[in-house]
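Just below is one structure, and these are the notes that go with it.
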Amino acid sequence: MTDRSTHRKHGIGTKNSQNDDSLILAIESSCDETAVAVVRGGRRILSSEIASQIEMHRIYGGVVPEIASRKHAEVIDGLSALAIRNAGISLADIDAVAVTFAPGLIGALLVGLNYAKGVAMALDVPLIPVHHIRGHVAANYLAYPDLEPPFMCLVASGGHTLLLGVDGYTDYRVIGSTRDDAAGETFDKAARVLGIGYPGGKVLDSLSAGANPDAYFLPRAKVEGSPFDMSFSGLKTAIINLVHNAEQKGAELDLPGLAASICKAISDQIVPRAVNACREYGYKKLCAAGGVVANSVLRADLAREASAAGLDLYVPPVSLCGDNAAMIGSQAFYEWAAGSIADMEINAYATLSADYLFGKLISN
Ligand code: KG4
Ligand code: ZN
């Protein structure tokens, strides 16, 4: 554990030392899950609490930002107390506070950020801002304690679909990304138009089990001149048209077949690009991250294609794919090591690319 007197001397906003025993209290509130975790040395989860708002947003078929902010504010303090209690530590043991500061719903982010500022200030420990997508990537450090960069990481979540070159813990480059909708967004929209619930990915995944992935023809888009970029808007439109046509004709849909066809169409866009990008850019390790990586078709396709290409594949358990705060606590350890410590002026950002440079960000 770090020497508390060091913190007192330097205060918030300066670089303090961290080591394998450092305890980080991590806070995540970028979307519809409030999460707090305690992580030791960037690799060990001592506690990880999640208060999901999904039931609340389900009524509206999607996340309502105003409700999200309000719910975060209601539960964040109690959830922090629970995370500390379940970690078997006391608040005074915390060496640093980490928080997701970008990207996400701005009101939701601000609840977590302001709370984290308050705790860091009260404890007189460093405040470490963490990029949500880098957090997703770091779920792999928790699942595979010996994993180190460099590697390629496929990130597929509700708002992002990316191929990232992770050349160091805080050294990122964007190799491919979706030009329009994210994979998770496509799942959610498909489920919405089918009237089968929110969020859609999990429902469609369950429905697809054992069904024919060729039951329906769905497009696989290519982005001209950008082999590693993706596009899901055509697929989304094709699904909407298919459902509306069936409704107009009074025709019954083969729901499991359609679910399997959607899972396959999404996986077919992502998996070959991830594997080819590893080959093209010389990465031997392929990691995966984000809520959509819970998808069983995607996981099976990744395992098969990575093995055929001779890549080492890292896929976190489903429990670490969706939003959680443990992943934020893991990445925070490396941001801290790189000196990315914030002061009370730090703001939240609704959008920010994963390859941002901290020094440049705070000097603007
Ligand atoms: O990473 P995440 O929890 O939150 C964001 O940062 O967006 O990802 C949420 C997304 C949602 O779009 C949800 O439908 C999708 O992950 N998802 C799935 C599955 N479980 C969650 N998509 C496909 N198959 C699943 N099993
Ligand atoms: Zn996420």
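FYI, side chains are in, hydrogens and waters are out, and symmetry mates aren't considered; it's all heavy atoms of this structure. Quick caveat, the model's predicted, so the values are computed rather than measured. Indexing begins at 1, ligand by ligand and atom by atom, following the structure's order.
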Which residue and non-hydrogen atom of the protein lie closest to atom 2 (P) of ligand 1, and at what distance in Å?
-> D323 OD1, 3.5 Å
Return yes when H136 approaches ligand 1 closer than 4.0 angstrom through a heavy atom, no otherwise.
-> yes
Shortest protein heavy-atom distance from atom 24 (N) of ligand 1, along with the residue and atom involved | N295 ND2, 3.0 Å
Per-residue contact class, D188 against ligand 1 - non-hydrogen pairs under 4.0 Å | side chain
Atoms of ligand 1 less than 4.0 Å from A294 heavy atoms?
-> 20 (N), 26 (N)
Using 30° and 60° as the class limits, which term best fits the ring planes of Y356 and H131: parallel, tilted or perpendicular?
-> parallel
Looking only at N, O or S atoms, find the one in H132 nearest to the Zn ion (ligand 2) and name it.
-> NE2
Does S30 reach the main-chain N or O of G104 with its side chain, forming a donor-acceptor pair under 3.5 Å?
-> no
State, without any angle test, whether D188 and Y198 hold a side-chain donor-acceptor pair at a distance under 3.5 Å.
-> no
Check: Y141 ring centre within less than 6.0 Å of F333 ring centre = no
At a 4.0 Å cut-off, with the gap strictly under it, does some heavy atom of H160 reach an atom of ligand 1?
-> no
Does any donor atom in the side chain of H136 or Q331 lie under 3.5 Å from an acceptor atom in the other side chain?
-> no
Answer yes or no: does an N/O atom from P199 fall short of 3.5 Å to an N/O atom of ligand 1?
-> no
Does D95 reach the main-chain N or O of L23 with its side chain, forming a donor-acceptor pair under 3.5 Å?
-> yes
Name whichever N, O or S atom of D323 ends up nearest to the Zn ion (ligand 2).
-> OD1
Provide the number and element of each atom of ligand 1 under 4.0 Å from a heavy atom of G184.
-> 12 (O)
Selection from C321, G201, G158 by shortest heavy-atom distance to atom 18 (C) of ligand 1 | G201
May I ask you to check if any N/O/S atom from H136 comes under 2.8 Å of the Zn ion (ligand 2)?
-> yes
Test: K264 and D301 ion pair at under 4.0 Å | yes
Check if G159 has a non-hydrogen atom at a distance under 4.0 Å from any atom of ligand 1.
-> yes
So the atoms of ligand 1 within less than 4.0 Å of a heavy atom of G322 turn out to be 3 (O)
Between N324 and S48: side-chain donor-acceptor atoms closer than 3.5 Å = no
What are the atoms of ligand 1, with element, lying closer than 4.0 Å to any heavy atom of V292?
-> 15 (C), 16 (O), 18 (C), 22 (N)
Checking side-chain hydrogen bond (donor to acceptor under 3.5 Å, both in side chains) against R179, which of S226, S231, S233 comes through?
-> S226
Using a strict cut-off of 4.0 Å, indicate which atoms of ligand 1 neighbour a heavy atom of H132.
-> 6 (O)
Number the atoms of ligand 1 from 1 as they appear, then name those within less than 4.0 Å of a heavy atom of D205, with their elements.
-> 24 (N), 25 (C), 26 (N)
In terms of hydrophobic clusters joined by side-chain contacts under 4.5 Å, are L242 and L255 together?
-> yes
Among all protein non-hydrogen atoms, which one is nearest to atom 17 (N) of ligand 1, and what is the separation to 0.1 Å?
-> G291 O, 3.5 Å
Does E305 reach the side chain of L313, with side-chain heavy atoms less than 4.5 Å apart?
-> no
